[in-house]
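Take a look at the structure below.
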Amino acid sequence: MLPILLSAVTVLSAAAAQVTYQNNSGTILRVDTGRYGPELEKYHYYYDQWPIGLAISSTSRFFASYTRGNYSFTLGEAVNETAEIPYPSTSLNLPVSQLNTTLYITPENPRRPETLWLVDTGRPTIMDSQGAPTMPYAQPGGPKIIGINLASNSVYATYIFPVSVHFPDSYMNDIRFDLRPSITASGQGVAYIVDSSDEGRPGFIMLDLGTGESWRRLTQHPSTLRVDRDVPSYQGRPFYQRTMGIPVQTLREGLDGLQITPDGSRMYYSPLTSDCLYSIPTANLLARTTSDPLAEIKAANNVTNHGQRGGNANGFEGDSNGLIYQLMPEHNAVYAYNPHTLQTEPLVRDPRIIWPDGASIGQDGYMYLNINQLPYQPMWNDGSDLRMYPGAVVRCRLPGGGGKIVGLA
Ligand SMILES: *[C@@H]1O[C@H](CO)[C@@H](O)[C@H](O)[C@H]1NC(C)=O
Ligand SMILES: *[C@@H]1O[C@H](CO)[C@@H](O)[C@H](O)[C@H]1NC(C)=O
Ligand SMILES: *[C@@H]1O[C@H](CO)[C@@H](O)[C@H](O)[C@H]1NC(C)=O
Ligand SMILES: *[C@@H]1O[C@H](CO)[C@@H](O)[C@H](O)[C@H]1NC(C)=O
Ligand SMILES: CC(=O)N[C@H]1CO[C@H](CO)[C@@H](O)[C@@H]1O
């Protein structure tokens, strides 16, 4: 009898976009306001393409990359509060479903200009005749790291990867830099990239910006793997991924957020679907098996689990005080791991932060956050676009006079 009874029960539609609130005006009960922390200022509105990555330059130029969609460009520069235009030019942008997923700006140093770095995943999403999305494997030479000189607006560096480093099913998701000349023999610095591969071989990719050599560390180490069948809650609703042509599933992303410490000695990271924060000395990521056959084993043995932080985390940022900011899509919040108290602390929470996706700390001491309503995108809702314009960039001041990390330039 039970199954029949259950099928008659009406449960609130889990996929409904409209968030309704009970009427609590005049209640004598305590109410969660949904907010705390520094004032959140609205900085930019997206009325056309939905954003994914963002980066703020030293002169407050603001760049955005976009989610998958039927869009006309993949990288934009804001021209006013409500619009962006193709950057650096229309011809350098590929239309429709191609994307430059991640942006990061490094300050000028004696060896290179202020640089906007792009991670080109080389894995566009293709729609089949039924409109179901698929993501073909990467072709060798497709996935790239691109450096754009922000003074001349020209591409000055392009790096590609061998298939032994970037697997066909790899997916480069985020990037950090240590450009100090001492860090590698080439003197040109190194990029640390996360491979978040949904297909199951996530790990770190390191790139020597002088020689162009690349290598992996911690591939499939437990700290980089997705937590299988993780069900987060967004806006108080359990979330399952409903993609056309694919049975209902849970998010599958592995290693996602990463952040280097201000002295460059340690890398914090975590998978999207994990509640735990991890770190590893960067020396273990930089070590090569060509000079130390035990480099991978040593790295695996030197991972620190900093414990749970109170939810899944998306992108990371970090400031000059050493705080490790983590975007918390389940809580409409940004948390910070404090290496001095060894605890995760609250920074800012607001009901408008509906999926914080990408953060960028400007040299003005603000943290800028992209808000893109990702749980309401068509790819996760059987093809229905349940997002509501506008998307937004909001910003808040960092605590304790924190600012952008510039010591690794
Ligand atoms: C909410 O409750 C207040 C006080 O009980 C009432 O005056 C108001 O009409 C209610 N609003 C709605 C939309 O039902
Ligand atoms: C993409 O947009 C163009 C122009 O708006 C439209 O003609 C085309 O049908 C769209 N394609 C898809 C797959 O939605
Ligand atoms: C913002 O820029 C866009 C694109 O150049 C333009 O169409 C729009 O009118 C501008 N809006 C304002 C308020 O200036
Ligand atoms: C682990 O990292 C520490 C630095 O935090 C380093 O001194 C030590 O040699 C590393 N151990 C291994 C096995 O790599
Ligand atoms: C400006 C720029 O580098 N755009 C790149 C975005 O990604 C596509 C492929 O997805 C590249 O071909 C573009 O060059």
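Remember, it's a predicted structure, so these values are computed and weren't measured experimentally. Atoms within a ligand are numbered from 1 in the order they appear, just like the ligands themselves.
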Ionic contact status for E84 with R61, cut-off 4.0 Å: no
With F167, which residues qualify under ring pair (Phe, Tyr, Trp, His ring centres under 6.0 Å), at least two apart? none
Might you list the protein residues in contact with ligand 4, defined as having a heavy atom under 4.0 Å from one of its atoms, sorted by chain and number? R266, P281, N284, K298, N302
Suppose we screen for side chain to side chain contact (heavy atoms under 4.5 Å, CB included). Which residues come up paired with T27, at least two apart in sequence or across chains? N24, L29, V31
Taken in chain and number order and not counting sequence neighbours, the residues that satisfy side chain to side chain contact (heavy atoms under 4.5 Å, CB included) with R226 are D228, R252, T273
With a cut-off of under 6.0 Å to the ring centre and 45° to the axis, is K404 in cation-pi contact with Y368? no
Taking 4.0 angstrom as the limit and counting only heavy atoms of A83, give me the atoms of ligand 3 inside it, by number and element. 1 (C), 2 (O), 3 (C), 4 (C)
Ring centres of W50 and Y389 under 6.0 Å apart? yes
